[in-house]
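Bear in mind the structure is a predicted one, so any value in this text is a computation, not a measurement.
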Amino acid sequence: NYTVQPGTILGDAYTLGAGDIVRVDIFDITPELALEQRYTILLDGTLNLPWVGSVPLAGLTLTQAADVLAQRYGRFIRNPVITVSLLAPRPLKVGVIGEVNRPGSYIISVISNEVTQTSLNQRTASEGGNQWPRVSQAIQTAGGITELASLRNVKIIRPKETGGQHTIEIDLFKFLSAGDLNQDILLRDGDTIVIAKATQLDSAEATLVGGSNFSPATITVNVVGEVPRPGALQVKPNTTINQAIMTAGGFIGGRASRKRVDLIRLNPNGSISRRRLNIDLDQNMTEERNP
């Protein structure tokens, strides 16, 4: 048996594929059977090894790979004990879609670590102080969430090794509000992250999310008309219209009409919406008066 620490991708969770760099060790063998040890899985998913030739390993876990190699080398060694270590995982290809600023497909590198599985039930699993990509990193890579995103309803569509796919539902707001790291799960190659649209606005929740690294560092808004510094502004996510007006210098006294402030918005579907607001600079964040 072997143990796996929480939060790691080891044992039966990681499947080998083209580009993985592995180390293969055979214990208690004669010098003529010694391996080079460090190998890269080829594009066809195989390792080309001394004595046994080409061995297909793509799609196998480290446990399964160690057992397959033990069977192959069993023709030359009695009861071989073979260790397969993952020295450098291949980059992960994941999709991020829905309410993010740059939806699409991304390649996310894994910081090199070492993961070991040994044949014949003498298995060990270890991961050093290395980082494996999590959902939050993929969202950041996709430019952060939009103002319409709901972190409470995030889905991970994950391919099954046997074909098909299954869906994992996570609540990243629990991660932000309560530090529940189990919600920010580790990614696997082929995952697709789906960020849903929020059904309602919660100002306290929006403030917390806007200050997190799930959101972009700044957004661009334009304030034009009767303000001292009209033009484009870089402001933090979830900045209110009052804050944007004040950043532009506030109203020009005697010329600006606080009852005729228009909020013009380009929507994600390409349409344009226009709202006329009666501005009260003392108003807290509300969708009606100070969005």
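- When all heavy atoms are compared, the tightest approach of A149 to A198 is O-CB, 3.8 Å.
- Here the side chains of L92 and R188 are not in contact, with every heavy-atom distance at 4.5 Å or above.
- You'll find the side chain of P291 stays beyond 4.5 Å of the side chain of T286, heavy atoms only.
- With hydrogens and angles ignored, the 3.5 Å screen pairs no side-chain donor or acceptor of T239 with any backbone N or O of Q243.
- With rounding to the nearest 0.5 Å, the separation of CD in Q140 from CG in N101 is 12.5 Å.
- Sequence neighbours left out, the pairs with a member in residues 273-283 that pass salt bridge (Lys or Arg N to Asp or Glu O under 4.0 Å) are D262-R274, D262-R276, R275-E287.
- Under a 3.5 Å cut-off, the side chain of W132 and the backbone N or O of L187 do form a donor-acceptor pair.
- If you take CZ on R152 and CG on L176, they are separated by 10.0 Å, rounding to the nearest 0.5 Å.
- Nearest heavy-atom pair, V55 versus R72, reported as atom, atom and distance to 0.1 Å: CG2-NH1, 3.6 Å.
- With hydrogens and angles ignored, the 3.5 Å screen pairs no side-chain donor or acceptor of N153 with any backbone N or O of A196.
- Scanning all heavy atoms of the two residues, the minimum distance from F214 to S136 falls at CE2-CB, 3.4 Å.
- Looking at D184, its side chain does come within 3.5 Å of a backbone N or O of V135 through a donor-acceptor pair.
- Side-chain contact, Q183 with D180: a donor N or O sits under 3.5 Å from an acceptor N or O.
- The two atoms that bring V209 and S212 nearest to each other are O-OG, 2.7 Å, heavy atoms only.
- Residues L151 and F175 form no side-chain contact, since every pair of their non-hydrogen atoms from C-beta on lies 4.5 Å or further apart.
- R255 is linked by a salt bridge (Lys or Arg N to Asp or Glu O under 4.0 Å) to E226, counting only residues two or more places apart in sequence or in another chain.
- Within a 6.0 Å sphere centred on CG of L43, heavy atoms belonging to other residues, nucleotides or ligands number 12 at most.
- Judged by distance alone, the side chain of R102 and the main-chain N or O of T141 form a donor-acceptor pair under 3.5 Å.
- By the 4.5 Å heavy-atom criterion applied to side chains, I157 and Q165 are counted as neighbours.
- Across all their heavy atoms, P80 and A70 have their closest contact at CG-O, 3.3 Å.
- Taking the side chain as every heavy atom from C-beta outward, F173 and S150 never approach each other to under 4.5 Å.
- Between P228 and A248, the shortest heavy-atom distance links the atoms CD-O, 3.4 Å.
- Here the CD1 atom belonging to I168 is positioned 4.0 Å from the CZ atom belonging to R158, to the nearest 0.5 angstrom.
- Side chain of Q64 to main chain of T61: a donor-acceptor pair is present (N/O by atom type, distance under 3.5 Å, no hydrogens or angles).
- The salt bridge (Lys or Arg N to Asp or Glu O under 4.0 Å) contacts involving residues 75-87 comprise nothing, where partners must be two or more places apart or lie in separate chains.
- In this structure, CG on L47 lies 5.0 Å from CG on L49, to the nearest 0.5 angstrom.
- No chain of hydrophobic side-chain contacts below 4.5 Å, direct or via other Ile, Leu, Val, Met, Phe, Trp or Tyr residues, connects L42 to W51.
- Between T220 and T218, every side-chain heavy-atom pair lies at or beyond the 4.5 Å cut-off.
- Remark: side-chain polar atoms of S85 are not paired, donor with acceptor, to backbone N or O of L87 under 3.5 angstrom.
- Contact check for D171 versus V154: no side-chain heavy atoms found under the 4.5 Å cut-off.
- Of the inter-residue distances, the one linking R289 atom CZ with I241 atom CD1 reads 11.5 Å to the nearest 0.5 angstrom.
- Other residues, nucleotides and ligands contribute at most 12 non-hydrogen atoms within 6.0 Å of the CG atom of N284.
- The distance from the OG atom of S54 to the CG atom of D44 is 5.5 Å, given to the nearest 0.5 Å.
- For the pair L60/T15, no side-chain contact is recorded, criterion being any heavy-atom separation below 4.5 Å from C-beta on.
- The closest donor-acceptor contact from the side chain of D189 to the backbone of K93 lies under 3.5 Å.
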